[in-house]
Amino acid sequence: MDFLKIDKKWQKRWEEAKADSFEKKNVDKKKYVLEMFSYPSAANLHLGHWYNFGLTDVYARLLRMKGHEVFQPMGFDSFGLPAENYAIKTGIHPKDSTEKNIATMEVQLRNMGASFDWDYEVVTSRPDYFKWTQWLFLQLYKHGLAEEKLAPVNWCPSCNTVIANEQVVDGACERCGSTVERKEMRQWFFKITNYAEELLRDLDKIDWPEKTKLMQRNWIGKSAGGEVEFDLVGGGSFKVFTTRADTLFGCSYVVLAPEHPLVDKITTPENREAVEEYKRQASVQSEIDRTSTVKEKTGVFTGAYAINPINGRQVPVWVADYVLATYGTGAVMAVPAHDTRDFDFATKFNLPIERVVKSADGSPDDLPYCEYGVAVNSGFADGKKTLEAKTAILDKLAQLGKGGQKVTYRLRDWSVSRQRYWGAPIPVIHCPKCGVVPVPEKDLPVELPYDVNFNPSGKSPLASKDSYINVKCPVCGEDAKRDPDTLDTFVCSSWYYLRYPNAKLADKPFDTEWTDKMLPVDTYVGGAEHACMHLLYARFITKALRDMGYIHVDEPFKKLVHQGIILGPDGKRMSKSRGNIINPDDYVSVYGSDVFKMYLCFAFSYTEGGPFSKDGISAIAKYLDRVERLVMKAYEGRENAPADLKKVASLEYDVNYAVKACSADIENFSFNTAVARLMELTNAMYKYDDADSALFNASETLIKLMTPIVPHFAEELWEATGHTSLVVKESYPVCDETKLVKAEVEIPVQLLGKLKGTILLSPDADEATASKEALAFLGLDSAKKIIYKAGKIINVIA
RNA sequence: GCCCGAAUGGCGGAAUGGCAGACGCGACGGACUUAAAAUCCGUUUGUGGAAACACAGUGUCGGUUCAAGUCCGACUUCGGGCACCA
């Protein structure tokens, strides 16, 4: 078959017939199937796109044939750094290169033959979309979920921009590999931490890979412990967070993070110089390799003392960079006897190490002893087990008004300001008189000016565009300035699944009533690398919009599937530097989209991925030709009456088995076994040998079973066998269970657990019959015990 | 360092605790052909054996069970995540 020709032919027919259109009136049967939309890069569709979009489309097509109204839209996440970097290098404007790339990719995506409904296309860099991204920002601001604060941010000196924690990999910029610095800046933050608890809790409600849920749980990092307030000698106080309140009696010093605001206030004059020097060094340290946990502890004494509220003891206040400003309270109580870090520090600086826990069962408890045990040297808590001692001490602190139970999260607020050009402008005006003034909604979108110098200068490119930056304050009318920054592109992608069903809506981002019907996304498919970024942000935004009353779902993505990663033929990740990149076009242009897609289905376990090998591709082409010959033979003989009814029954068994298995496999994203079942059926049909009406019936079913995977090919055969309808519009075959009932099945017979052979038995034979047959087979008179599972196995214990 | 996941023929990969290796690639053999390609039909975990068959076998060691690739415990290697989180 000419696979290249049929691609075009049927794609045209489907378009004419609107075969992929979502029928709004059938919304009660909707299935929202979504693939993570892609960034429009200059290169052609890569293998990952094919693997994600092409195979998810197999799933979508199956659902459609099974009677669901499938909504499968497509679009582009088109703001972002690559276009801007490309512009800096080549002088081609990001908007121009992006729009050009989108046009190219649209054509390629259409050529895939996937059943996207393009009427709902979304492009995040166009004003009709980012107008509503800005609207989203304003709603978050109105509801106190967006705030501006001075905060240390990750600064990439090479990209000249702030980057998110998630984009810092091993202390380096994820994109360019430069060492990330820390810098204090005024930044907009979304208060995702307000939702930490719910984001954690609702993971139990969604059908996601356990691994992904675990990653989010760890990322949120809930930690239940206590808070302890230390007064400072000479006035003032600060709090520490601890999970080991039971060790409070053993606290021999306290440590503040170098960035802690109290440091400057409490440092005594004679220590000031050393502390200042340490702070300076610490900021440099953090730029260097922070990943080393074996790094020797450093720190300086402030000269100040704090009072341990549990025993009134004065303890020195130190500053050390092993305490993180961004976690807990930025201060810790140090109990060197029972914490390895404190132990290392105390050893180095010769601070007291006092045991307050011993092992409960007499097992070795050399210091530092970090296990749970029994409290000692702890006043009223002596003799209590760790958990009880924690409670007792925290209760006591609560009575004293010096602390109590406290939960802390590792999750931090989401920094969304980017000192970049190619993003959605932040819709805020800074007025010298009125302060932060949100742009009125009627003035949205805040358009991105075209003619801007976006070469990195350390400042936002928009800051130097006078006609953009200078505005009148919407409140007082005086001269004011726009916020010069743009939004993190993760903001754009945090709500696009809401826009898809409302893609053309002009007067609002989405219609609440309609969105309630369309959401949640039933099945979401994309890479696992988004576990702690996009997937968490989208959940947060959904919950925030729900609390504002705009939607009424708790979770955006009911079921989540991650595709695996296809590696280069060398088993390594594909990369330009390795030169092991596989270009799908090289194969699609030879074999057509069906063959290539079916190869992708068959060669990998979908969620695992694995190394690419071209060897299997021609085999798939051969297989399809084999099917074509078979189907045409069956078509020729369709008028013949079957001669052998036993053979027909066997064939019908094979057909129905394939129907059942294929459907279940595709629904489970087990595409490789679905293809295997098709091949088995094909082999069985070849063995059947006669060309008669039974074989023709089987071939009709085979064509339908193949439709989700190789739709062009299936259409061609469907047409060649006398049909005028579109097979993609046909119903998926239904398994006839009665054809799967066999009079006799092969039952394995084991002797002492070792397989000896098989006997033929009725699948519901009773134990007596089975035992008799098994003993006869083994040549035994009796047995101590016989384990019999009907239809499964007989194990004889002699 | 901590937390997850994985390990099955020459290769990609199948196996709700119940016949390990489905399906395919590759290889080998046969049919068709003057020949080749294409196609069709076989064989293909290892060892021994002409064969029937026997024994061994799912990274390593131990355990639970009538029965373990699958469950449990320890370890090895690889992959992923987090990484001074108090």
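Numbers restart at 1 for each chain; the letters A, B, ... are given by sequence-line order, proteins then strands.
Taking 90° from 0 as the syn/anti boundary, the base of B:G81 is oriented anti.
Checking the phosphate oxygens (OP1, OP2) of B:A56, a side-chain nitrogen or oxygen of A:K754 falls inside 4.0 Å. Put simply, A:Y322 has no side-chain N or O that comes within less than 4.0 Å of OP1 or OP2 on B:A86. For the OP1/OP2 pair of B:A86 and a distance below 4.0 Å, the side-chain nitrogens and oxygens of A:S223 include at least one atom meeting the criterion.
Checking B:G18, B:U39, B:G80 against every side-chain atom of A:R629, the shortest atom distance belongs to B:U39. The A:L214 side chain lies nearest to B:C3 when the options are B:G13, B:A20, B:C3. You'll find that the side chain of A:K211 is closest to B:G79, out of B:A86, B:G79, B:C19. The side chain of A:R410 lies closest to B:A83 when the candidates are B:C40, B:A83, B:U16. In the set B:C19, B:G18, B:A86, the nucleotide with an atom closest to the side chain of A:N795 is B:G18. If you check B:G79, B:G42, B:C41 against the side chain of A:K687, the one that comes closest is B:G42.
Using a 4.0 Å heavy-atom cutoff across all strands shown, A:G299 reaches no nucleic acid atom at all. Contact annotation for A:E210: no contact, since no heavy-atom pair falls under 4.0 Å across all strands. Using a 4.0 Å heavy-atom distance criterion, A:E608 is classed as making no nucleic acid contact. When heavy atoms are screened at a 4.0 angstrom cut-off, A:T243 is found touching the sugar-phosphate backbone but no base atom.
Comparing B:G49 with B:U70, their P atoms are spaced 32 Å from each other, to the whole Å. For B:A27 and B:C75, the C1' atoms lie 37 Å apart once the distance is rounded to whole Å. Rounded to whole Å, the separation between the P atoms of B:C40 and B:G21 comes to 25 Å. Nucleotides B:G10 and B:A6 place their P atoms 23 Å apart, quoted to the nearest Å. Taking atom P on both B:C71 and B:G30, the two are 45 Å apart, rounded to the nearest angstrom. Using P as the reference atom, B:G29 and B:A14 are 31 Å apart when rounded to the nearest Å. Only the C1' atoms considered, B:A68 is 11 Å distant from B:G63, to the nearest whole Å. B:G1 and B:C84 have their P atoms separated by 15 Å, given to the nearest Å.
Remark: the backbone N or O of A:V228 is not paired with any side-chain donor or acceptor of A:K239 at under 3.5 angstrom. Panel note: side chain A:N668, backbone A:A664; a donor-acceptor pair is recorded below 3.5 Å. Side-chain N or O atoms of A:H338 include one that pairs as donor or acceptor with a backbone N or O of A:V357 at under 3.5 Å. With hydrogens and angles ignored, the 3.5 Å screen pairs a side-chain donor or acceptor of A:Y278 with a backbone N or O of A:T298.
Ranked by how close their nearest RNA chain B nucleotide is to the 5' end, A:P748 and A:F604 are led by A:F604. Projected onto RNA chain B by closest heavy-atom contact, A:T242 and A:G610 fall at different nucleotides, the more 5' of which corresponds to A:G610.
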At a cut-off of 3.5 Å, list every protein nitrogen or oxygen paired with a nitrogen or oxygen from nucleotides 22-24 of chain B, distance to 0.1 Å.
residue : atom : partner : partner atom : Å
B:A22   : O2'  : A:E680  : OE2          : 2.7
B:A22   : N3   : A:R677  : NH2          : 3.3
B:G24   : OP1  : A:N683  : ND2          : 3.0

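Ion pair A:K633/A:E636 not flagged as a salt bridge, since none of the NZ, NE, NH1 or NH2 atoms sits closer than 4.0 Å to an Asp/Glu carboxylate oxygen. Ion pairing of A:K279 with A:E259 is absent here, as no side-chain N (NZ or NE/NH1/NH2) approaches a carboxylate O to less than 4.0 Å. At a threshold of 4.0 Å, the pair A:R244-A:D246 counts as salt-bridged, since one of the basic side-chain nitrogens sits closer than that to a carboxylate oxygen.
To the nearest 0.5 angstrom, A:L411 atom CG is 6.0 Å from A:I220 atom CD1.
In this model, no side-chain donor or acceptor of A:D615 finds a partner on the base of B:C25 within 3.5 Å.
Per the geometry, NZ belonging to A:K756 stands 14 Å off C1' belonging to B:A52, to the nearest Å. Separating the CG atom of A:L600 from the P atom of B:G12 is a distance of 17 Å, rounded to the nearest angstrom. Rounded to an integer number of Å, the gap from A:I793 CD1 to B:A15 P is 19 Å. Rounded to whole angstrom, the span from the CD atom of A:E529 across to the P atom of B:G79 amounts to 18 Å. Atom CD in A:Q750 sits roughly 12 Å away from atom C1' in B:G17 (whole-Å rounding). Distance, A:F345 CZ to B:C84 P: 16 Å, rounded to whole Å. Between the CD1 atom of A:I747 and the C1' atom of B:C19 there is a distance of 10 Å, rounded to whole Å. Rounded to an integer number of Å, the gap from A:L755 CG to B:G21 P is 10 Å.
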For this session: State the dot-bracket string of RNA chain B. Criteria: Watson-Crick or G-U wobble, both atom distances under 3.5 angstrom; notation: ( ) intrastrand, [ ] crossing earlier pairs, | interstrand, . unpaired.
Result: (((((((..(((.....[....)))((((((.......))))))((((....))))..(((((..]....))))))))))))....
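If you check the side chains of A:D344 and A:T347, you find no donor sitting under 3.5 Å from an acceptor. For the 3.5 Å distance criterion, the side chains of A:S762 and A:E744 fail to qualify, holding no donor opposite an acceptor. No hydrogens or angles considered: a donor-acceptor pair under 3.5 Å links the side chains of A:H562 and A:T212. A donor-acceptor pair shorter than 3.5 Å cannot be found between the side chains of A:S670 and A:Y606.
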